[in-house]
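Report on the following structure.
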Amino acid sequence: MSFFGFGQSADIDIVLNDAETRKKAEHKSEDGRKDKYFLFYDGETVSGKVNIELYYDRGNHHEFVSLVKDLARPGELTQSQSFDFEFTHVEKPYESYTGQNVKLRYFLRATVSRRLNDISKELDIVVHTLSTYPELNSSIKMEVGIEDCLHIEFEYNKSKYHLKDVIVGKIYFLLVRIKIKHMEIDIIKRETTGTGPNVYHENDTIAKYEIMDGAPVRGESIPIRLFLAGYELTPTMRDINKKFSVRYYLNLVLIDEEERRYFKQQEITLWRKGDIVRKSMSHQAAIASQRFEGSSNPEKSPTQDSEENS
Amino acid sequence: MANTIADTRRLFTKPQNLNDAYGPPSNFLEIDVSNPETVGVGRGRFTTYEVRLKTNLPIFKLKESSVRRRYSDFEWLRAELERESKVVVPPLPGKALFRQLPFRGDDGIFDDNFIEERRQGLEQFLNKVAGHPLAQNERCLHMFLQEDSVDRNYTPSKIRQA
């Protein structure tokens, strides 16, 4: 009987790190047959992998972090028991992301290795990456148009916005020779997966917000005030683990009386702001948030965990 | 750091010139298709329509013009625009060949209701097309709208604003 034969779905794939070098031993199974199994001794480590799963390329998993802890020695379990574990100060470099063609997940997996087949249980966790206010955050200001027909100057107050921020801007009309019916601003999310000739972009309109109804004339300014907290947004992700990117664009769209659309797309950077540190937070979380919010004198962590594998 | 309230005040804007605010808009363009008239006798009859244009757009040489066109002139214009420009040209009202067959109960292509429906369709077509920034660059459009007759042997070219 195969050590790995337990009929679970394809996205949970337990692979032993030393599958190629580990010895096998024959062992009689319950139905009298003799099969070969991977041989483990007392105190040995069983280690496996944490996965990134690409939907279009199922089975192609990429690890970026993997930590293993032994919780109990080989032996018999005669009654229900509870085992403590702790992975101290685990590096979690990327934010959890579930998209159209790619998924990045962090999870804990507890595995009980048995003679015939393992029992395993997974617990997904979510990781957020935090940033602070960028030092440089220039406004975006540009003049665009169609020669002799439509000239506008648009301005957005920043180029980098946090997820609960407000986009403040304006559209100034320099020349209007077409009959405009209304104007809107859209937030577009573009998820890019794959490399080289297999790059694939998935565009998704997250928001549509009408900022003007009616025909403007030269010299008019139309204000923009768009609150981001109401929309499902993630931080901008650039070339995560060289596997995927998630970028955001503001799309300014003018529609004329014959339903023709004139648009200008502009990329913005989104980042996640940390919350205020509250007194009731755990010690570790307090250290973590201090590190992100840039206070002086962050405390050192209490002990280095020597058992930690990387 | 404290949770700062975002500054949502409007950006600074220049006050608008009052002439711009209350003067005529720069996008005035009106096109009417009207006054259908049937000319000729017997089997050589056909219907013409008046195409009237009023505008202040600099791309049009005449700020007011009036010409007479027949259905096949509209067909010519549509074909020219499709070939010469990148515009997705809207459809014309139907050709109605079946109305030209004999032994009909009504007046065929000279039926009043049919002419009115066609007139509306032609007007919609011209308004859609004449307001298109790319179509406005085509010589064929300007010839159709503002010259006395359509020269089918013309040389296609792009118009640039004077």
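In the text below, chain A, chain B and the rest are named by the order of the sequence lines, each starting its count at 1.
For the options Lys128(B), Arg10(B), Arg9(B), heavy-atom pairs under 4.5 Å to chain A are most numerous at Lys128(B). Put simply, of Pro15(B), Ala21(B), Gly131(B), the one with the most heavy-atom pairs under 4.5 Å next to chain A is Gly131(B).
If you take CG on Asn137(B) and SG on Cys149(A), they are separated by 7.0 Å, rounding to the nearest 0.5 Å. Remark: Glu153(A) CD to Lys14(B) NZ distance equals 7.0 Å, nearest 0.5 Å. Separation of atoms OG (Ser221(A)) and CD (Gln16(B)) is listed at 8.0 Å; rounding is to 0.5 Å. Taking CD of Glu257(A) as the start and CG of Asn27(B) as the end, the distance is 8.5 Å to the nearest 0.5 Å.
Only the side chain of Glu147(A) comes within less than 4.5 Å of a heavy atom in chain B; its backbone stays farther off. Heavy atoms of Arg218(A) lying under 4.5 Å from chain B belong to its backbone as well as its side chain. Of the two parts of Ile59(B), neither the backbone nor the side chain holds a non-hydrogen atom closer than 4.5 Å to a non-hydrogen atom of chain A. Of the two parts of Asn56(B), neither the backbone nor the side chain holds a non-hydrogen atom closer than 4.5 Å to a non-hydrogen atom of chain A. Heavy atoms closer than 4.5 Å to chain A are found in both the backbone and the side chain of Asp20(B).
Of all heavy-atom pairs between Leu11(B) and Lys170(A), the closest is CD1-N, 4.0 Å. Taking all atoms of both residues into account, the shortest heavy-atom contact from Leu29(B) to Lys179(A) is O-NZ, 2.5 Å.
For the pair Pro25(B) and Val217(A), the minimum side-chain heavy-atom distance is below 4.5 Å. Side-chain contact check for Pro133(B) versus Ile178(A): some heavy-atom pair is nearer than 4.5 Å.
Atom CG of Asp148(B) has 12 or fewer heavy atoms from other residues, nucleotides or ligands within 6.0 Å. Annotation: Lys63(B), atom NZ; neighbour count of heavy atoms from other residues, nucleotides and ligands within 6.0 Å is above 12. By the neighbour-count criterion of 12 heavy atoms within 6.0 Å, atom OH of Tyr22(B) is sparsely surrounded, having that number or fewer from other residues, nucleotides or ligands. Open room surrounds CZ on Phe263(A); 12 or fewer heavy atoms of other groups in view lie less than 6.0 Å from it. Shown here is Lys86(B), whose NZ atom has no more than 12 heavy atoms of other residues, nucleotides or ligands within 6.0 Å. By the 6.0 Å contact criterion, CG on Asp239(A) is enclosed, its count of non-hydrogen atoms from other residues, nucleotides or ligands being greater than 12.
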Inset, instruction - Begin from the C-alpha positions of Val166(A) and Thr8(B) and carry the test side chain to side chain contact (heavy atoms under 4.5 Å, CB included) through to its verdict. - result: CA-CA 7 Å; Val166(A) 188; Thr8(B) 60; 3.8 Å; yes
